[in-house]
Participant: 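Before anything else, here's the structure in question.
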Amino acid sequence: MPRLDWVRIAVGGFIAGLVWTLLSLLLLGFVGREFMAALTSGARAPGGNVQAFMFLSNLTAAVWGTWLYAAIRAQYGAGLKTGAIAGFAWWIIVSMQSAKWVAFGTVPIATAIRPGLLTLPSIVVAAIAGGWCYENFRVTRRASRSVTPASRYLE
């Protein structure tokens, strides 16, 4: 199995996290108002700490999605199909997270279904963006003086 490049996973995850955050803000603005209102139940809008946490949790999930892409690309090959598979898996995790609010009775199921289903294409696009970065981002590393040409093949 090929080694995973953690720098490329981090960069791809960062890009995927930005894409996912932007798309989710658009999605929540258009079809998720009732869902967000049910979550806050009349409480004031979330402050900076909550927003920072949400952004960091999106980035963390996106790094996981990019890691998943990198891990399964040996089986499925690099490209859109693998990005879509990783995105679908990521969507399942996000959907289960959101379903907790339905289970707790905080959000009515009818309010959660539409944004939950519309999240799938957004996450797939974000996963494909992370996979694209993983495939195309390269770090040029300088060889140290102690590394001989023959020892590079042992890495």
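For this chain, numbers begin at 1 and follow the sequence in order.
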Participant: Got a sec, which residues hit side-chain hydrogen bond (donor to acceptor under 3.5 Å, both in side chains) with Ser95, two or more places apart in sequence or on another chain?
Facilitator: Trp91

Participant: Do Trp64 and Trp6 sit in the same hydrophobic cluster, where Ile, Leu, Val, Met, Phe, Trp and Tyr count as joined when their side-chain heavy atoms come under 4.5 Å apart?
Facilitator: yes

Participant: With a 4.5 Å cut-off on side-chain heavy atoms, are Tyr134 and Asp5 touching?
Facilitator: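 Result yes, sub-4.5 Å side-chain heavy-atom pair found.
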
Participant: What I'd like to find out is whether the side chain of Leu27 reaches to under 4.5 Å of the side chain of Leu23, using heavy atoms alone.
Facilitator: no

Participant: Is there a path of hydrophobic side-chain contacts, each under 4.5 Å between heavy atoms of I/L/V/M/F/W/Y residues, joining Leu25 to Met54?
Facilitator: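 No; Leu25 is not reachable from Met54 via cluster members.
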
Participant: Do you know which two heavy atoms are closest between Ala126 and Ala16, and how far apart they sit?
Facilitator: O-CB, 3.2 Å

Participant: Please indicate whether Leu26 has more than 12 foreign heavy atoms, meaning atoms of other residues, nucleotides or ligands, lying under 6.0 Å from its CG.
Facilitator: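 Yes, because the 6.0 Å sphere around CG of Leu26 holds more than 12 heavy atoms from other groups.
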
Participant: Supply the atom-to-atom distance Ile128 CD1 to Ile85 CD1, rounded to the nearest 0.5 angstrom.
Facilitator: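 With rounding to 0.5 Å, CD1 (Ile128) is 10.5 Å from CD1 (Ile85).
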
Participant: Going by salt bridge (charged side-chain N to carboxylate O under 4.0 Å, His left out), name the pairs with one or both residues in residues 92-107, residues two or more places apart or in two chains.
Facilitator: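 The answer is none; no pair qualifies.
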
Participant: Considering all heavy atoms of both residues, which atom of Gly13 and which atom of Ala62 are nearest to each other, and what is their separation?
Facilitator: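 In terms of heavy atoms, the two residues are closest at O-CB, 3.1 Å.
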
Participant: Same cluster for Leu120 and Leu22 if Ile/Leu/Val/Met/Phe/Trp/Tyr side chains link at under 4.5 Å?
Facilitator: no

Participant: Determine which pairs satisfy salt bridge (charged side-chain N to carboxylate O under 4.0 Å, His left out) with at least one residue from residues 69-87, sequence neighbours left out, and list them in order.
Facilitator: Arg73-Glu135

Participant: Can you confirm whether Phe137 sits close enough to Ile15 that some side-chain heavy atom of one is under 4.5 Å from a side-chain heavy atom of the other?
Facilitator: no

Participant: Is the side chain of Thr82 donor-acceptor paired with the backbone N or O of Tyr69 at a distance under 3.5 Å, no angle test?
Facilitator: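 Pair absent, no side-chain N/O of Thr82 close to backbone of Tyr69.
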
Participant: Only counting residues at least two apart or in another chain, list the ones meeting side-chain hydrogen bond (donor to acceptor under 3.5 Å, both in side chains) with Trp20.
Facilitator: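 Applying side-chain hydrogen bond (donor to acceptor under 3.5 Å, both in side chains) to Trp20 gives Asn58.
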
Participant: Using side-chain hydrogen bond (donor to acceptor under 3.5 Å, both in side chains) as the criterion, list what pairs up with Ser122, not counting sequence neighbours.
Facilitator: none

Participant: What pair of heavy atoms forms the shortest contact from Ala127 to Ala86, and how long is it?
Facilitator: CB-C, 4.3 Å

Participant: Ignoring hydrogens, what is the shortest heavy-atom contact between Thr66 and Ile9? Give both atom names and the distance.
Facilitator: CG2-O, 3.6 Å

Participant: Can you tell me if Phe55 has over 12 outside heavy atoms packed within less than 6.0 Å of its CZ?
Facilitator: yes

Participant: Would you say Leu4 ends up clustered with Trp132 if hydrophobic residues are merged whenever their side chains have heavy atoms under 4.5 Å apart, either directly or through other cluster members?
Facilitator: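 No.
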
Participant: How close do Ala112 and Pro115 get, heavy atom to heavy atom, and via which atoms?
Facilitator: O-CD, 3.6 Å

Participant: Does anything in residues 51-64 pair up under salt bridge (charged side-chain N to carboxylate O under 4.0 Å, His left out), and if so which pairs, sequence neighbours excluded?
Facilitator: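 Applying salt bridge (charged side-chain N to carboxylate O under 4.0 Å, His left out) to every pair that reaches into residues 51-64, excluding sequence neighbours, yields nothing.
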
Participant: Report the distance from atom OG of Ser57 to atom CD of Gln97, rounding to the nearest 0.5 Å.
Facilitator: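 If we round to the nearest 0.5 Å, Ser57:OG and Gln97:CD are 8.0 Å apart.
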
